[in-house]
Structure formats: structure tokens, C-alpha cells
Amino acid sequence: MKRTPSMTWRRHDDIAGRPWHGRVRDYDLFKEVTIGFVVVGAVTLGLAAVFGSPDEPGVTFASWSAADPVDFASTATAELGGTSDTAQYGPPYNDTQGATQTLGPLDLQSLSGVRLPVDTATAYVIGPLKTLPAVPSAVARWTSASPAQQAKWTDAYAKALAADKGSALPKASRAEGPVPALITALTGMARSGALDGALASQGGFYPLNHTPAILFLGDGQYFQNLAAAQHLTGDQWGMMNETGDTPGQAWLWLFSLFYQVQPFASLAYADLVIVLIMGALTLLLALLPFIPGLRTFPRWIPLHRVIWRDYYRATRVSASTGQSATASSAASSSSARSGTSEREPSAPRSETG
Amino acid sequence: MDIVASAPGIYLGWGAFTIQLGNLIVIVVMLVLFALALLLPFPKARRRR
Amino acid sequence: MSGPLAPDGQDEEVYTWTGRVRRWLLRRLPPQKLLPQDQPSYVSSWIYAFGMASLAAFAVVILSGLVLSLNGPAWYHVSSLGHFTNSVHLWSVELFFLLMVVHLWGKYWMAAWRGGRVLTWITGVIAFAVSIAAAFTGYLLQTNFDSQWIAFEGKDALNAVGIGAWFNVADLGQMFTWHIVLLPIGVGAIVVLHVLLVRVHGVVPPIDATEEDDQVVHAYNESEGPR
């Protein structure tokens, strides 16, 4: 009786576990490599020539402050007041209590501590203003005030900006202290390109670390709106998408899917949970040969009977006619003499290597 | 200087599910290639000499 | 320098670490297995082409990436040849993933892990995962709006699991090292291991194949014809 082989990964003493001693055909490895490279290379060159690739210019503080001065000012005020997303992020940028993504007792975000420190008020406002040839007097007024007073000032100005529906900055009022002057000066720096330069050169002459600039940009609504217009935000399947019409990272479909569905999408610790889930699923995929059910599925939907149809057909024919099927499968018309070249099905051989 | 963003790509949507046309084409091509690879006959071994 | 040699050279005496490793390697993967001239007759479906095609796409990715990196990250913004090279790099990556996933689908439906081939499957999945990481770092090097956005979004996933401080997506220098050195070497090494494992174990026979099957019983080279 024919025992149906299982889909186990284990090496048994069966056909799958032993080196193949059956029928073969010529195979030219190097020729196949060459043909593969030429064909794939040609297809790639064709696709590149026809479809090109997107290259949306990056956002600068100059372009941002020109396109949406109120948003720039609001963001800068939030950075100054320590109320922006970056200021409240927690590790690795700062020490905000309770800001990390946690899952019960699991708090991986705190692992590194504050290893990429960003003091938003200094990095984004006071620091750049201090590089000006004529540092505004508002800077000294700000730095000599108490934190409570500073908070009152930034709070008042933030409210004024939120109420500002136009594109000009609101008139300064006493309750806002030196903040309007600081923000106006910063806006001037941004418009001239000096802020881009100041932020980049915070790390010295050779700026390669753009952490402060990226965080500052992202705190603004302007940047977010540009991304949303290109369908790049998390709740737009954005992880998969690319600007324009070019395909993006379609292989991130499952990762992206979790950000669209509840309960994951609205969790405060969504990133932690989803990354852990994706890690687990990837591990599952790697260990699939060990998982009964998942590894047996190909038997239930037998696509393999299509892939190896010639093999199964030859075996069926041979079994039903009780004689060699080589006559029907040989390419030549010369009659195959059955029996002369057959190898006796032998006792299981020990595998080599 | 204004950043003039180019037009966003073509997006198809059904409910909460939206997909960029480019990505959809890639996925469809994959499925088609898989089906063709299974169904298209493979050349028989050619005789040497 | 020559040690005692048996007439057929196979059972050469080994008395060094080097010799032992060489013997182990040659037993597992003799030259005839590493560079064969034939393959089992059941390897006769177009689905088998996708592994090789993925490798070919990977080669185009590396070559186009080499040209891009040698010219520096700003080149492709200002040069039309640079822009074309960037397009080649992008499309070869799309093809690489497209072909690799179809290859994965085929291997799954063939249950290609059977017969002790589980490491081949595992290295394949690892290659896939590391490739995704490599592609991610590549997108971060575009020095345009897309890379700004991806850095801003990507930081959250990495920070949430505590590695963002050491894998700083906004640090172009760090990402360059990952993308053009560490991850290509990683993908390459895993892929080489994966391919060698296929050579060692051979292509998996059909599901439900037995010793009584016609292509086992009547063994010959189809390119020579039945004897």
C-alpha cells in the first residue's frame, strides 16, 4: 500500500530525502545565468526608460515658511514652548514622562535612554537665533525668564496663531512677551535660507545627521499635508506608496494593513504592537515547515499537480499499462526498447554527504 | 520659492481599502506570471548532438 | 608539501583543520554537485525560472547601485544619466521583489522544505526579510521629499522597539553604511548560502513521488534519449 508522504521537513529515507537517481535532462547553469541576466537587464532598462522614477524635491524651511507662514510660526512656537510632538516624544530625543509606547510592562522605547537629545527650544529657535550677526534682544529677555513665564508667553502666542486664518503673523500683544519677536526673527531666518543652514551646521561642517531638521519639519502641518496629498500617510496605506504613479513598496502590504484596521490603528502604542506582530509573522513564515496545518495546505490546494503534471502523467500511464512509458515521453521516434535500460528499484541507499 | 508637488498618482479605492494603480499593476503582474508559470508548457529536453 | 595520497585521491589523509574542512566540504558539495551538467527531469516548469530571475534582478540592483553610490547621493538629481541610473535601480528593485515573491509562492506550493531542506526555506525567508530592510534604507537615501517623509514615519516603528537611537533613519551617514555596505553583504551572503543549500540537497522531488514512479524506474538522460 502506498503510504502518503507527509509534508514534514524531516529527512526520511524516501525519495525526497535521498539524492535523485532517476531520469535527468541536460542543464546549463552558466547559460541560464547569462540568459537570465540579459533578459532581466533588458526588461529593467526598458521599464526605466519608459517610466523613469519620481524625484519630489525635499521641503526646506525656506519653502515651508514661504508657503505657510502661520503653520511655520505655530510649529516654531510649539517647539519653543516644549509642546510639540518632538518635545513630548520621550526617548531617544528627550525625557518626557509617560510618553513611551508601552504594552503592559513592556517598554522597549526606553531602552536606549536619551541618546539623540533634542532640546526643541534651543535647537530650533534660540540656538539658530544666536547665530545671527545681530542677536535680537528678545533672546536675552526669553532666556532670563522663568519656565512658568515662558510657558505663559508661548501659550498666549499659540492661541493667537491658532485663531489666525490668514497668511500673515498676528500682531504682537503684551501677554505674548518676547515670543512674537523671536518667531518673527526666526521666520526671517527661514525665508532667507539661513535657518536651513543653521540647523544643518549644528553638527559641524559636514552635516550628515539631519535628525533635528526632520523632526522639526514633521511637527508642522504643512509637511503632513504634502504627504497626505501624495497618499503617503499611515492611514492611507502610505507605507506602500510612492509619490506620483510609480509603484512603491507593495511588499509592505501586510505591515501597512495593520495601520488601517481597528483596534490597531488608534492605539497609542500602535507602532510597538504592529512591529511585534510583523516580527512574529515573519518568524512564523520562516518556521513554516515545522507547523502542521500551515505546511499541509499545499496538499489541500494541489497546485503541485499542475507544476509536475508531466511527471504524474508518466507515472499514471506506466502504472496503468504496466509497462515502460518511455515510448510516449521520448522526443525521438525511435522505439524505446523496454527493459534494457531499466534500473531495478533497489533497496534504499544511504545518502552521501 | 514654492514647492510645486507633482500630481499624486492614480488611486483606486473600495471602502477603507485604497491602492495605488502602480502597486495594483505590480500585484496583478505577479499573479499573472505565477499562473502562466504553472500553466505554460515547458520545452521538452532537446537531444544533444 | 604533498601528503600520502590514495590512488583515487578520495580518501586523502587529512591531518589539519584545513584538511578536515576541505574533506567535509567536498563530501557535502563535490564539484559535480556544485556545477552540474544535468538536473532531475521533473524540473520542467517555468516556475523554476523565478529563483534564477531573482538573482539576475539582484545583480542589476547591485550594479546600478554601485554607479549611484560612486557618484554620490546628489548626482541623480542633477544629471540625466544619473536620473536614468536611479530609475534602473528602482525598477530592478521592483522586479527583484516581484520575482522573489513569485519564487516564494512556487516553493510553498511545492512544499520545497521536504526531505531535510528546511534550512533552504529558512534562509530564503531571511533573505526576503533582510532585502526588505535593505530596500527601506535605500528609500532613506533619496535625499528628496520621499526620503524626508519615510525618515519621519519610519523613526516611530524603530523607536517603539527601542533601536531607533542606534538605527537613526535621519542620519544619512549611518543609513549609507547600512544600505551600501552591510545590508548588501548580508543579502548576498544569505543568498549564496541559500543557493549552495539547493546544490547540496538537490531540487525537491514532486510531492507523493515514490521509487516506483516511471521517472525513477526508467532512469536516463532525456537529452541523450533512452538507452
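Here is the naming used below: chain letters follow the sequence lines, and residue numbers restart at 1 for every chain. Values below: every heavy atom of this structure, side chains too, minus hydrogens, waters and symmetry copies.
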Query raised in the report: Which residue out of Gln260(A), Met240(A), Gln249(A) racks up the most heavy-atom pairs below 4.5 Å with chain B?
Result: Met240(A)

Query raised in the report: With only heavy atoms counted, which part of Leu38(B) is less than 4.5 Å from chain A, the side chain, the backbone, both or neither?
Result: both

Report task. Determine the interplanar angle of the Trp237(A) and Phe17(B) rings, folded into 0 to 90°, and report it as parallel if under 30°, tilted if 30 to 60°, perpendicular if over 60°. Result -> perpendicular

Query raised in the report: Side chain, backbone, both or neither: which part of Asn241(A) has a non-hydrogen atom closer than 4.5 Å to chain B?
Result: both

Report task. Taking Asn23(B) for its side chain and Gly248(A) for its backbone only, find out whether a donor-acceptor pair lies under 3.5 Å. Result -> yes

Query - CH2-CD1 distance between Trp251(A) and Ile27(B), expressed to the nearest 0.5 angstrom - result: 11.0 Å

Query raised in the report: Taking the side chain from Glu242(A) and the backbone from Gln20(B), do they hold a donor-acceptor pair closer than 3.5 Å?
Result: no

**Report entry** Approximate separation, where rounding is to 0.5 Å, of Arg25(A) CZ and Arg47(B) CZ
**Finding:** 12.5 Å

Query raised in the report: Between Arg191(A) and chain B, which part of the residue has a heavy atom less than 4.5 Å away: side chain, backbone, both or neither?
Result: neither

Query raised in the report: Taking every heavy-atom pair that is under 4.5 Å apart, which of Val261(A), Leu303(A), Leu257(A) has the most such pairs with chain B?
Result: Leu303(A)

Query - Contact origin within Leu39(B) toward chain A - heavy atom pairs under 4.5 Å - result: both

Report task. Could you tell me which portion of Asp310(A) (side chain, backbone, both or neither) has an atom closer than 4.5 angstrom to a non-hydrogen atom of chain B? Result -> side chain

Report summary line: Heavy-atom closest pair (Pro8(B) atom, His231(A) atom, distance to 0.1 Å) is CB-CD2, 4.3 Å

Query raised in the report: Is there a donor-acceptor contact under 3.5 Å from the side chain of Asp245(A) to the main chain of Gly22(B)?
Result: no

